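Below you'll find the structure, written out as structure tokens, and then a few comments.
Chain letters run A, B, ... following the sequence lines, proteins first and then strands; every chain starts at 1. As a basis for the values below, the full set of heavy atoms in this structure was taken, side chains included, without hydrogen atoms, waters or symmetry mates. A quick note: this is a predicted structure, and the numbers were derived from the prediction, not measured.
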Protein chains: 2
Amino acid sequence: MKNHLLTYGSFSEYEIDKIVNEYSEELTFKKRDYIVTAGEVSHYQYFILEGCMRGFIIDYQGKEHNIIFGFEDFWFGDMESFDSGKAAIYNFQALEPLKLLAISKENWDKISTEIPSFIAYKCKLFQNAMMFQQMRIAEHLTQSAEQRYYNLLQKYPDVIFRISLKNIASYLGISPEFVSILRKRAVQK
Amino acid sequence: MKNHLLTYGSFSEYEIDKIVNEYSEELTFKKRDYIVTAGEVSHYQYFILEGCMRGFIIDYQGKEHNIIFGFEDFWFGDMESFDSGKAAIYNFQALEPLKLLAISKENWDKISTEIPSFIAYKCKLFQNAMMFQQMRIAEHLTQSAEQRYYNLLQKYPDVIFRISLKNIASYLGISPEFVSILRKRAVQK
DNA sequence: GTAATTTCTTAAACTACTTCAAGAATTTAG
DNA sequence: CTAAATTCTTGAAGTAGTTTAAGAAATTAC
């Protein structure tokens with residue numbers, strides 16, 4: 001996390017130490033464990049030290065839809081629940097054994113007041129997240145399922161080794177069967 | 001804009017005055033005018049005082065896809081171009097006669113250093129934008145075209161009076177012809 | 001190490017939505 | 001006020017992607 005803080009923000013050694021060692025706690029989860037469950041209130045923000053996870057939403061039919069994947073050096077959490085104290089709408093689940101740093105709402109607020117440059121850091125992260133999501137919407141509007149699949153593989157070639165076809169399909173908004181067909185097509189070419 | 005600054009940030013009268021009167025310039029655009037053109041560098045962030053606009057992207061076939069609409073009290077701009085100085089990828093075009101406040105990169109940076117609480121304000125805005133986009137992705141993954149259309153009408157009933165069917169269709173990622181069919185269906189019920 | 005569970009593949013039938021085309025209605029421009 | 005341009009509607013034909021079902025392959029669990 002130290003590297004990440006230094007890359008996206010400007011902190012003193014002392015401040016970094018405070019954030020990482022005083023205000024964060026290290027947590028581990030097994031594969032398939034839930035870090036955040038929709039319907040429950042989430043009081044933490046999480047930073048991935050090791051492993052990967054998915055964030056998903058459950059629709060009115062009970063189907064799961066992946067909204068996001070997170071790998072090393074990635075912040076996540078149900079921001080809305082964290083801020084408002086209302087029930088989370090997203091689920092976050094470990095796809096590999098996960099090692100996280102967790103910061104409670106209480107400590108998060110302390111950091112924000114005690115370390116002014118943390119706000120600029122947050123700002124940068126939200127901005128990046130916003131631009132990322134906007135690009136993802138653009139991709140949904142401009143590309144076919146097939147194009148979205150190849151686009152993902154090209155942008156994140158290693159994803160395929162860590163995320164199951166089923167989860168990739170869900171993230172892209174395609175049925176797993178159709179991804180299977182696309183794979184076959186690619187082989188035949 | 002003053003109201004918006006006070007709602008989402010905490011500023012003194014003096015600071016607000018400085019932002020609005022010293023660092024912003026008022027611009028007007030006619031309907032169909034481009035505020036930002038993809039391919040050109042954009043050095044401004046814009047705040048809508050009156051009117052509405054669309055942000056869109058052009059795909060490899062030359063087709064336009066609406067990414068966003070903005071009404072009164074809305075900030076917009078090609079954030080990526082503004083930040084990096086590279087060419088914008090989004091177009092922004094007036095859908096009604098537009099009255100804007102524009103803040104140049106230079107002044108934007110001045111505000112950020114001279115008025116510390118502006119960063120927290122920005123942070124809040126980016127966070128809201130991020131959550132909004134995330135919800136939009138969730139809607140694309142969980143809902144059919146028909147559901148997305150009704151969902152939009154329910155959430156923003158007045159949109160229909162200000163935005164053409166064609167532009168609504170583009171925003172939802174549906175063909176205008178199909179929206180026409182949906183409208184007919186709704187009337188028949 | 002074996003049974004149980006989950007993931008992936010394949011194929012056939014289906015459908016939500018698109019594309020194309022052409023006319024009607026509305027808006028814009030001079 | 002009229003012509004030109006754009007937007008909206010309707011219908012018919014087409015297709016990208018879904019659904020269902022069932023077996024094969026891989027992974028998980030004890």
Problem set entry | Pair A:F69 and A:Y171, ring centroids less than 6.0 Å apart |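 A:F69 vs A:Y171: aromatic centres under 6.0 Å.
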
Exercise. Strictly under 6.0 Å, is that where the ring centroids of A:F74 and A:F71 end up?
Worked result: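 Ring-ring flag for A:F74/A:F71: false, centres at least 6.0 Å apart.
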
[X] side chain near [N] phosphate (N/O to OP1/OP2, under 4.0 Å):
X	N	result
A:K184	C:dC8	no
A:R183	C:dT9	yes
B:K63	C:dT19	yes

For atom [atom1] of [X] and atom [atom2] of [N], their distance in whole Å:
X	N	atom1	atom2	result
B:N66	D:dT7	CG	P	11 Å
B:Q147	C:dA16	CD	C1'	12 Å
B:I181	D:dA13	CD1	P	15 Å
A:K166	C:dC8	NZ	C1'	11 Å
B:N167	C:dT27	CG	P	15 Å
B:E146	C:dC17	CD	C1'	11 Å
B:L165	D:dT6	CG	P	17 Å
B:R185	C:dA16	CZ	C1'	8 Å

For this session: State whether B:E96 and B:R162 are salt-bridged, where the test is any N-O pair (Lys NZ or Arg NE/NH1/NH2 against Asp/Glu carboxylate O) under 4.0 Å.
Result: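 Yes, charged N to carboxylate O under 4.0 Å.
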
For this session: Applying ring pair (Phe, Tyr, Trp, His ring centres under 6.0 Å) between B:W75 and each of B:Y44, B:F126, B:Y8, B:F47, report the one that passes.
Result: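 It is B:F47; the other options fail the test.
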
Residue [X], side-chain atoms from C-beta onward, closest of [options]:
X	options	answer
A:I174	D:dT18, C:dT19, C:dT9	D:dT18
A:S180	D:dC8, C:dT10, D:dG17	C:dT10
B:K31	D:dT28, C:dT28, C:dC8	C:dT28
B:F178	C:dT18, D:dT7, D:dT19	C:dT18

For this session: Take A:R32 and B:V179, find for each the nucleotide of DNA chain D with the closest heavy atom, and name the residue whose nucleotide sits nearer the 5' end.
Result: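 Its nearest nucleotide being more 5', the pick is B:V179.
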
For this session: Using heavy atoms to find the nearest nucleotide of DNA chain C for A:P176 and B:A145 separately, return the residue whose nucleotide is more 5′.
Result: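 With A:P176 and B:A145 compared, the 5'-side residue is A:P176.
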
For this session: Return the orientation label for the A:F76 and A:Y46 ring planes: parallel under 30°, perpendicular over 60°, tilted otherwise.
Result: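 The rings of A:F76 and A:Y46 lie parallel, inter-plane angle below 30°.
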
